[in-house]
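Have a look at the structure below before the remarks.
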Amino acid sequence: MKQRPDRGPRRGRLLAVTVVGALALFGPGSAAASARTAGAPDGQGSTTELPFAYHSDLETDARHQRLYISDRVTGSVLVTDFDGRVVRKLDGLPGAADLALSEDDRTLYVALADGDAVVALDTATYRQKARYPTGAGTGPAQLAAAGGKLWFSHGEDWESSIGSLDLDGPKPVVRLNLTPEGYWGGPPAADRVPRSPGQARRGRAVHE
C-alpha cells in the first residue's frame, strides 16, 4: 500500500521570515543570512515563489550556505541559497520525505518513502553517492542521523516500527523492527536529543 504524506500540503511559497527563522533554528551560520529575499527593499518583507508542490522537510547546510527542501509529491529536493534563490532541483527521488545531514554537512540523506531506500547525496556536487535499500514495502518516511547510523521509521499504522542503517562497517547493515509490533500507531518521527540518548516515546523516536 502506498503511504500517504505524513504532513498537510503546503504551496510552493516561503516567506523571507520563514527562511531566516529556519536558519536561526537549524544553522550555526545563520548570523550571516540576510533578513530579506533577493531584490526586496531594506526593511520590507517579501516572498519568494519556490517550485515545489509539497513541503515534507527542510535541512540547513551552514557549510555551503544552502537550504534543502524535500517534496514528497514530486519526488524531488529543492536547493536554495540563504536568500531564497533556487540553486538546483534534484529529481528522481520517489517519495522524498525526511532529510538528514551528516555531521560535516558533506552528505545529505533522503528517505525515499516510495522507493524503499535511503539515498546519500554529495552536498558539493549534488550527485548521488550511494543508495541504500531498506527492504520491499518498508517506505522509510522519517529519518535521523546519529552515532554512525541512520534511524528511520518504516511501515504503516500499527505495523510501523523503527529501523537502522549502520554505515560504520565495511558494508551497510539494515535492521528492521527494532520496536515491538503494535507499539506505534503510525510511522514515528525521529529526533536527536543528546541529553537523553537512547530514549523513545510514543509518536517520537529519540536517539543521541
Distance-minimising heavy-atom pair for [X] and [Y]:
{"X": "A97", "Y": "A141", "answer": "CB-O, 3.3 Å"}
{"X": "A96", "Y": "S56", "answer": "O-OG, 3.6 Å"}
{"X": "A145", "Y": "A100", "answer": "N-CB, 4.1 Å"}
{"X": "P140", "Y": "A117", "answer": "CG-O, 3.5 Å"}
{"X": "R63", "Y": "D105", "answer": "N-OD2, 3.6 Å"}
{"X": "V86", "Y": "P51", "answer": "CG2-CD, 3.9 Å"}

Working to the nearest 0.5 Å, report the span between [atom1] of [X] and [atom2] of [Y].
{"X": "E59", "Y": "S70", "atom1": "CD", "atom2": "OG", "answer": "9.0 Å"}
{"X": "R88", "Y": "D81", "atom1": "CZ", "atom2": "CG", "answer": "13.5 Å"}
{"X": "L78", "Y": "R66", "atom1": "CG", "atom2": "CZ", "answer": "11.5 Å"}
{"X": "L108", "Y": "D61", "atom1": "CG", "atom2": "CG", "answer": "8.0 Å"}
{"X": "L112", "Y": "T138", "atom1": "CG", "atom2": "OG1", "answer": "10.0 Å"}
{"X": "L50", "Y": "R85", "atom1": "CG", "atom2": "CZ", "answer": "12.5 Å"}

Looking at [X] and [Y], would you say the former's side chain and the latter's main chain have a donor-acceptor pair under 3.5 Å?
{"X": "D57", "Y": "D98", "answer": "no"}
{"X": "D71", "Y": "S76", "answer": "no"}
{"X": "T179", "Y": "S161", "answer": "no"}
{"X": "H154", "Y": "N177", "answer": "yes"}

Expected list for residues 163-173: side-chain donor-acceptor pairs under 3.5 angstrom, two or more places apart:
{"unit_1": "D166", "atom_1": "OD1", "unit_2": "D168", "atom_2": "N", "d": "3.0"}

Sequence neighbours excluded, which residues qualify as salt bridge (Lys or Arg N to Asp or Glu O under 4.0 Å) partners of R106?
->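 Result, salt bridge (Lys or Arg N to Asp or Glu O under 4.0 Å) vs R106: D104.
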By salt bridge (Lys or Arg N to Asp or Glu O under 4.0 Å) - contacts of K89 (at least two apart) |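 Once residues adjacent in sequence are excluded, the partners of K89 under the salt bridge (Lys or Arg N to Asp or Glu O under 4.0 Å) criterion are D91.
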side-chain hydrogen bond (donor to acceptor under 3.5 Å, both in side chains) with D116: which residues, sequence neighbours excluded?
->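 D116 satisfies side-chain hydrogen bond (donor to acceptor under 3.5 Å, both in side chains) with no residue once adjacent residues are dropped.
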Let me see the working for Y126 and V79 under side chain to side chain contact (heavy atoms under 4.5 Å, CB included), right down to the final yes or no.
-> CA-CA 9 Å; Y126 308 118; V79 185; 3.7 Å; yes
Out of L143, L90, V118, L121, which one pairs with V110 under the side-chain contact (heavy atoms from CB on, under 4.5 Å) rule?
->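 So, applying the side-chain contact (heavy atoms from CB on, under 4.5 Å) to V110 and each of L143, L90, V118, L121, only L121 qualifies.
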side-chain contact (heavy atoms from CB on, under 4.5 Å) with Y68: which of T80, T60, L58, L101?
->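 That would be L101.
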Qualifying residues under side chain to side chain contact (heavy atoms under 4.5 Å, CB included), relative to T107, sequence neighbours excluded =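 Testing T107 for side chain to side chain contact (heavy atoms under 4.5 Å, CB included), a comparison that skips the adjacent residues, returns S102, Y109, A120, K129.
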Take I69 and Y54, measure what side chain to side chain contact (heavy atoms under 4.5 Å, CB included) needs, and give me the verdict at the end.
-> CA-CA 9 Å; I69 306 167; Y54 178 87; over 6 Å; no
